[in-house]
Amino acid sequence: MKIEIRDEENWKVAGEIELRGTEKDGSQAACCLEYNMDYAEEKTKYQQTRGAFAFSCLFDVDFAFKETKKWPSFLLDLFPQGAALKYVVDHYRIADQPENYWKIINTAKLSPPGNVRISLPEEEPPRKHPGFDREEVIEKGPDFLEYMVACGAPISGTTGAAGAAPKFLLREDFSGKFHGEGVLTDSLTKNCWLVKYPRGDRKEKINRDILKAEKPWLDIAELVGLKTYKSLDWDKDCLFVPRFDRVPLSGGIQYLGMESFYSLVDSTHFGSRFRHKTYTDALYLYSDSKEEDLVEYLLRDIMNIALANNDNHGRNQSVLKNKNKVFLSPVYDFAPMKFDPEGIVRNTRWSENEENFLDEAALLYQKNYEIDSSLIKHQLEELWHKFLKIDLKGYDFEHDLITKLQKEIQTLDQKISRFIGNHQ
Ligand SMILES: Nc1ncnc2c1ncn2[C@@H]1O[C@H](COP(=O)(O)OP(=O)(O)O)[C@@H](O)[C@H]1O
Ligand SMILES: [Mg+2]
C-alpha cells in the first residue's frame, strides 16, 4: 500500500507499507514500511525529516527498512470510523471485523484530516459539478452523500474524518458553493470545512442539543484563554467547523500535518483508554513547545470537567505539524458529551477517582517535565477567574444543560480553590 504525504508543493508518494502478518490479525498484524529513496533523499538533503514531512512522529524520514510488530499506529488515523465506516460496510459489503481491517483501510482512498493519505488510484479528473448550496448541504443531512452520488457529484474526500457523527469534509468556492474535499482545486477554494450533523437519531433532541452546544462550548474555550481556531457556525441542525489543518492563504491552501494522540502513543486498538500520563509523556517527547503545550493540555482537561466533555479520548486530541514544528492542535470536538444518550463516561483520567487530580498532575509535571506548579497555579487562576465571570445563560444552547453542569462546576471550584490555596 503506497502512502502519500502532502508537502509544500504537492501530494507525493512518500513510501509504502506492507502486511507481513496475516489479515486475520486485523490491526495487530505485523507490517513493514519504508520511505521511498527519492523522497528520503529529498527530505534528508533539506533536513526536513520530521514534522509534517514524516508519516508520523514515530517514524522520522530515513532510508531504513522498518518492521513493526503490529500496524503502524498512524494507519488508524486513516481508518474509516463511525458514519464513514458504516458507509464502507454498506457500500463495499465488507463486515466490520478485524480480519477485514486491511481490506477496509484499502478502501480509504481519500484525503482525511492532516497531510498523510493512502495513495489515490490514478483516476480521470473528477467530472465537473457546479457544487451545492449551503442550504442543500444543511438539508440533506446524513443523506447528503447518497444525494451527491445520485447527482453524479464526485465524492472523494467527503467522508474522510473519523468520529461517530455523520460528517463531510467540504470545500467552499468563492461563490459560496460546496464541493467534496479533493474535488475543488486549492486556488478555487475560499474555505475548508468539516460539516457535522447530529449523531444517533437526528430527531432525538439531546443529540441535536449536544452538537449545537459545540459552538458556545468552543466560544467559552476561547474566552477562558485556551487555544482555539475560528468560531463555528450552527445553522439549522448542522455544524460548520472551519478546518485548522487546511489554512486558506492568498493564492492557495496551506496543508498541516495532523496526528492523533492515539497514534502518538502507538495505540492500535480502536477505542483504547489511557491515563493522561501516557499522552503527556508523548507530548513531552514530540512537542516543540513542551511547556506551553503541556500546561494548555492540563487546562483543557480542567475545562473538559467543567463543561462535561467526557469524550476526551486520544482521537479528540491531536498535534499539528508544519515543516519545522510539532505542536498541540486547537481545541476540537468539545461538547457536553456526558449527557449523550449513549452514556459516555470520562475517557481519559489522571487517576482512578481523580479526587486530588490537580495535585497529582502538578506533581507529575514537576517531576517528569520540570514544569513548576507555580506556573500551573498562575495560569489556572487566570483561566478559572475568566470562567467564573462568564454568564452561561447568555449563550445559545439548551439551558437545562447549565443546571446539569452546576454540581460539577461547584466540586471543581472547591478543588481549584484548595489547590491554589496549597500553592500560595
Ligand atoms: N477544526 C478541525 N480541523 C481539522 N480537523 C478536525 C477539526 N475538528 C475535527 N477534526 C478531525 O475530524 C475528526 C472528527 O471530528 P470530531 O469533531 O471529533 O467528530 P465526532 O464528534 O464525530 O467525533 C477528528 O477526530 C479530527 O481528526
Ligand atoms: Mg471526535
Side-chain angles (χ1 to χ4, degrees), residues 6 52 56 73-87 108 110-117 141-142 157-171 181 191-200 202 207-215 217-219 221-222 226-234 238-248 253-264 267 270-271 300 304 309-322 327-342 344 347-348:
R6 167 83 197 207
S56 147
S73 51
F74 71 88
L75 269 190
L76 273 75
D77 277 0
L78 311 181
F79 197 90
Q81 289 188 33
L85 179 57
K86 188 174 173 310
Y87 176 78
L110 34 76
S111 306
N115 73 334
V116 177
R117 72 181 183 193
T158 45
T159 58
K167 63 184 78 62
F168 300 115
L169 297 171
L170 298 178
R171 286 185 173 214
E181 165 78 18
N191 285 311
C192 298
W193 298 98
L194 168 68
V195 178
K196 290 173 73 171
Y197 305 88
R199 52 194 254 149
R202 229 185 158 203
N207 287 318
R208 181 186 157 275
D209 291 349
I210 289 174
L211 187 66
K212 184 179 176 186
E214 249 187 69
K215 178 183 163 52
W217 254 230
L218 204 70
D219 289 344
E222 185 178 4
L226 296 181
K227 185 157 105 184
T228 53
Y229 189 54
K230 297 177 184 165
S231 199
L232 316 181
D233 276 349
W234 171 255
C238 184
L239 190 72
F240 287 76
V241 182
R243 287 181 65 179
F244 45 64
D245 62 328
R246 297 271 189 285
V247 184
I253 301 286
Q254 184 193 5
Y255 289 64
L256 293 174
M258 183 163 169
E259 183 166 357
S260 74
F261 275 57
Y262 276 151
S263 175
L264 292 183
S267 168
F270 293 103
R300 248 179 224 193
N304 284 338
N309 181 26
N310 274 3
D311 212 17
N312 60 346
H313 58 68
R315 186 149 290 109
N316 279 342
Q317 331 195 59
S318 294
V319 290
L320 291 182
K321 304 180 280 189
N322 64 23
F327 52 96
L328 193 61
S329 82
V331 179
Y332 63 90
D333 206 3
F334 187 53
M337 291 301 286
K338 187 174 176 183
F339 309 124
D340 185 280
E342 283 176 26
I344 308 243
N347 186 288
T348 311

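One-based numbering, in listed order, for ligands and for the atoms of each. Here the structure is a predicted model, which means the values were calculated and not measured. We count residues from 1, following the sequence as given.
- Of all atoms in ligand 1, numbered sequentially from 1 with element shown, those under 4.0 Å from a heavy atom of Lys167 are 14 (C), 15 (O), 19 (O), 20 (P), 22 (O).
- Nearest N/O/S atom of Asp333 with respect to the Mg ion (ligand 2) is recorded as OD2.
- At the top of the distance list for atom 27 (O) of ligand 1, counting protein heavy atoms only, stands Met258 CE, 3.6 Å.
- For Asp311, every N, O or S atom stays at 2.8 Å or more from the Mg ion (ligand 2).
- A side-chain donor-acceptor contact under 3.5 Å links Asn115 to the backbone of Ala52.
- The nearest protein atom to atom 12 (O) of ligand 1, hydrogens excluded, is given as Ala161 CB, 3.7 Å; this is a heavy-atom distance.
- Contacts of Pro242 with ligand 1, taken as heavy-atom pairs under 4.0 Å, involve the backbone alone.
- Scanning all protein heavy atoms for the shortest distance to atom 18 (O) of ligand 1 gives Asp333 OD2, 2.8 Å.
- The existence of a salt bridge linking Asp333 and Lys196 is confirmed by a sub-4.0 Å separation between a basic side-chain nitrogen and an acidic carboxylate oxygen.
- Among the atoms of Asn316, an N, O or S atom falls under 2.8 Å of the Mg ion (ligand 2).
- Within the 4.5 Å cutoff, the side chain of Trp193 has no heavy atoms near those of the Lys167 side chain.
- Checked by atom type and distance alone, the side chain of Lys321 never pairs as donor or acceptor with a backbone atom of Glu259 at under 3.5 Å.
- Note on Arg246 versus Glu181: salt bridge recorded, some NZ/NE/NH1/NH2 to OD/OE distance being below 4.0 Å.
- Enclosure of atom NZ in Lys227 by more than 12 non-hydrogen atoms of other residues, nucleotides or ligands within 6.0 angstrom is indicated.
- With hydrogens left out, the protein atom closest to atom 4 (C) of ligand 1 is Asp245 OD1, 3.2 Å, a heavy atom.
- The nearest protein atom to atom 3 (N) of ligand 1, hydrogens excluded, is given as Phe244 N, 3.1 Å; this is a heavy-atom distance.
- Between Tyr229 and Phe244, the ring planes are perpendicular. Angles over 60° get that label, and only those under 30° would be called parallel.
- Phe270 and Tyr262 have their aromatic ring centers separated by at least 6.0 angstrom.
- Distance alone, capped at 3.5 Å, places no donor-acceptor pair between the Ser260 side chain and the Arg315 backbone.
- For ligand 1, the atoms sitting less than 4.0 Å from at least one non-hydrogen atom of Leu194 are 7 (C), 8 (N), 9 (C), 10 (N), 12 (O), 15 (O), numbered in the order shown with element in parentheses.
- Residue Tyr332 approaches ligand 1 through these ligand atoms, each under 4.0 Å from one of its heavy atoms: 8 (N), 9 (C), 24 (C), 25 (O), 26 (C).
- From the protein, the heavy atom lying nearest to atom 14 (C) of ligand 1 is Ala162 O, 2.6 Å.
- For atom 25 (O) of ligand 1, the closest non-hydrogen atom on the protein side is Arg315 O, 3.3 Å.
- In terms of modelled atom types and a separation under 3.5 Å, the side chain of Asn316 and the main chain of Asp311 share a donor-acceptor contact.
- Contacts with ligand 1 closer than 4.0 Å are made by side-chain heavy atoms of Asn316 only, the backbone lying farther away.
- Side-chain atoms of Tyr332 and Thr228 include no donor-acceptor pair closer than 3.5 Å.
- Taking every non-hydrogen atom of Val241 and a distance limit under 4.0 Å, the qualifying atoms of ligand 1 come out as 1 (N).
- When hydrogens are left out, the protein atom nearest atom 17 (O) of ligand 1 is Lys196 NZ, 2.7 Å; that is the closest non-hydrogen contact.
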